[in-house]
Amino acid sequence: MEFIIREAFPEELLWVHERIPEFPGKASLEFYTDRLKHRLFLALVAERDGELLGFKVGYQSDNADTFYSWMGGVRPEFRNHGIAEALADYQENWAKEKGFKSVFFKTRNRFPAMITFGLKRGFKIIEVIPKGGVEDYRVVMNKRL
């Protein structure tokens with residue numbers, strides 16, 4: 001499948017977010033704009049013929065040399081075509097070029113595909129944060145760039 005990765009507008013992030021079934025509840029434009037204002041960030045979409053397939057967004061964490069890969073997803077009908085990998089590659093290369101030394105993300109125990117994705121990309125589990133039931137425990141994964 002042919003697609004491009006490009007920088008995105010917050011409205012595009014929201015549009016794709018709303019089409020990812022694993023994300024509960026309704027997001028808003030402010031969900032993205034409030035989190036990203038006053039930060040160094042990178043917002044990406046994967047696109048094919050004008051159609052948005054997936055997204056990935058992250059920003060500089062409180063630790064200046066660490067990039068936080070905050071949100072991302074690929075629409076179910078476009079999964080298993082290398083889109084998540086291409087988004088992650090772009091993000092990691094950008095972060096490295098900007099001088100970041102590591103990247104981390106948080107997922108939940110109920111998303112084993114995301115945990116496996118991280119492990120295959122060289123991330124290590126560095127923390128498990130109990131929150132709610134075991135399925136909702138946060139799994140924190142980190143990778144040196």
Side-chain angles (χ1 to χ4, degrees), residues 1-24 27-48 51-132 134-145:
M1 171 185 288
E2 295 284 324
F3 57 88
I4 62 163
I5 304 296
R6 66 167 174 79
E7 292 194 27
F9 296 102
E11 295 82 0
E12 293 172 312
L13 301 174
L14 178 61
W15 189 90
V16 181
H17 176 119
E18 291 174 337
R19 286 152 181 83
I20 306 293
E22 291 85 355
F23 295 155
S28 67
L29 195 54
E30 292 75 29
F31 176 73
Y32 284 99
T33 56
D34 288 351
R35 178 68 70 107
L36 300 176
K37 68 182 172 188
H38 311 301
R39 300 180 191 257
L40 175 61
F41 72 90
L42 178 65
L44 301 170
V45 287
E47 181 181 40
R48 181 185 69 187
E51 183 173 21
L52 301 178
L53 315 175
F55 78 108
K56 193 160 192 70
V57 59
Y59 53 84
Q60 184 175 26
S61 73
D62 292 337
N63 180 345
D65 67 353
T66 303
F67 191 80
Y68 178 38
S69 183
W70 174 45
M71 294 283 292
V74 176
R75 293 169 53 198
E77 62 270 33
F78 299 111
R79 292 178 184 169
N80 301 310
H81 292 286
I83 295 166
E85 291 84 356
L87 287 162
D89 286 345
Y90 191 113
Q91 183 183 71
E92 289 173 22
N93 289 333
W94 180 90
K96 193 171 186 176
E97 287 173 10
K98 295 291 183 189
F100 291 100
K101 303 291 184 229
S102 65
V103 61
F104 80 99
F105 69 90
K106 296 176 190 173
T107 187
R108 295 180 190 208
N109 228 5
R110 76 172 106 152
F111 300 132
M114 191 65 208
I115 295 168
T116 300
F117 178 78
L119 293 171
K120 285 182 178 176
R121 293 191 59 81
F123 283 80
K124 304 291 183 208
I125 297 170
I126 60 167
E127 187 178 8
V128 176
I129 303 168
K131 191 165 185 178
V134 172
E135 290 292 305
D136 283 320
Y137 282 20
R138 293 345 186 235
V139 178
V140 183
M141 303 184 76
N142 188 73
K143 176 182 180 177
R144 299 289 302 164
L145 294 174

Original post:
Is the backbone N or O of Gly58 less than 3.5 Å from a side-chain atom of Arg39, with the two atoms forming a donor-acceptor pair by type?
Top reply: no
Original post:
Counting heavy atoms not belonging to Phe9, are there more than 12 under 6.0 Å from its CZ?
Top reply: no
**OP:** Please confirm whether the backbone N or O of Lys101 pairs with a side-chain atom of Asp65, one donor and one acceptor, at under 3.5 Å?
**Re:** no
**OP:** Go through Asn142 and Lys124 one step at a time and tell me if the side chain to side chain contact (heavy atoms under 4.5 Å, CB included) criterion holds.
**Re:** CA-CA 5 Å; Asn142 188 73; Lys124 304 291 183 208; 5.8 Å; no
**OP:** Flag the pair Lys106 / Glu127 as yes when at least one side-chain heavy-atom distance between them is below 4.5 Å, and no otherwise.
**Re:** no
Original post:
Taking the six-membered ring for Trp, are Phe104 and Tyr68 ring centroids under 6.0 Å apart?
Top reply: yes
Subject >> Polar side-chain atom of Arg138 near backbone of Asp136 as donor-acceptor pair, under 3.5 Å >> reply: yes
**OP:** Evaluate side chain to side chain contact (heavy atoms under 4.5 Å, CB included) for Ile83 paired with Met1, printing each intermediate quantity in order.
**Re:** CA-CA 9 Å; Ile83 295 166; Met1 171 185 288; 4.1 Å; yes
**OP:** Apply side chain to side chain contact (heavy atoms under 4.5 Å, CB included) to the pair Glu12 and Phe55, showing each step before the final yes or no.
**Re:** CA-CA 8 Å; Glu12 293 172 312; Phe55 78 108; over 6 Å; no
Original post:
Would you say the side-chain atoms of Thr107 pair up with the backbone N or O of Ile115, donor to acceptor, closer than 3.5 Å?
Top reply: no
**OP:** Supply the atom-to-atom distance Met114 CE to Met141 CE, rounded to the nearest 0.5 angstrom.
**Re:** 8.0 Å
Original post:
Quick check: does any side chain N or O of Lys56 sit under 3.5 Å from a backbone N or O of Gln91, one acting as donor and the other as acceptor?
Top reply: no
Original post:
With side chains defined as the heavy atoms from C-beta onward, is the minimum distance between Phe105 and Lys143 less than 4.5 Å?
Top reply: no
Original post:
How about His81 and Phe3: are their ring centres within less than 6.0 Å of each other?
Top reply: no
Subject >> Student check: side-chain heavy atoms of Glu7 and Leu44 closer than 4.5 Å >> reply: yes
Subject >> side chain to side chain contact (heavy atoms under 4.5 Å, CB included) against Pro76, all qualifying residues, sequence neighbours excluded >> reply: Pro21, Arg79
Subject >> Within the 6.0 Å centroid threshold, strictly below: Phe41 and Trp70 >> reply: no
**OP:** Of all the heavy-atom pairs spanning Tyr32 and Val57, show the shortest one and how long it is.
**Re:** CE2-CG1, 3.9 Å
Original post:
What do the steps show when you test Phe67 against Leu145 for side chain to side chain contact (heavy atoms under 4.5 Å, CB included), and what is the final call?
Top reply: CA-CA 10 Å; Phe67 191 80; Leu145 294 174; 5.6 Å; no
Original post:
Can you check whether Met71 reaches Arg35 side chain to side chain, under 4.5 Å on heavy atoms?
Top reply: no
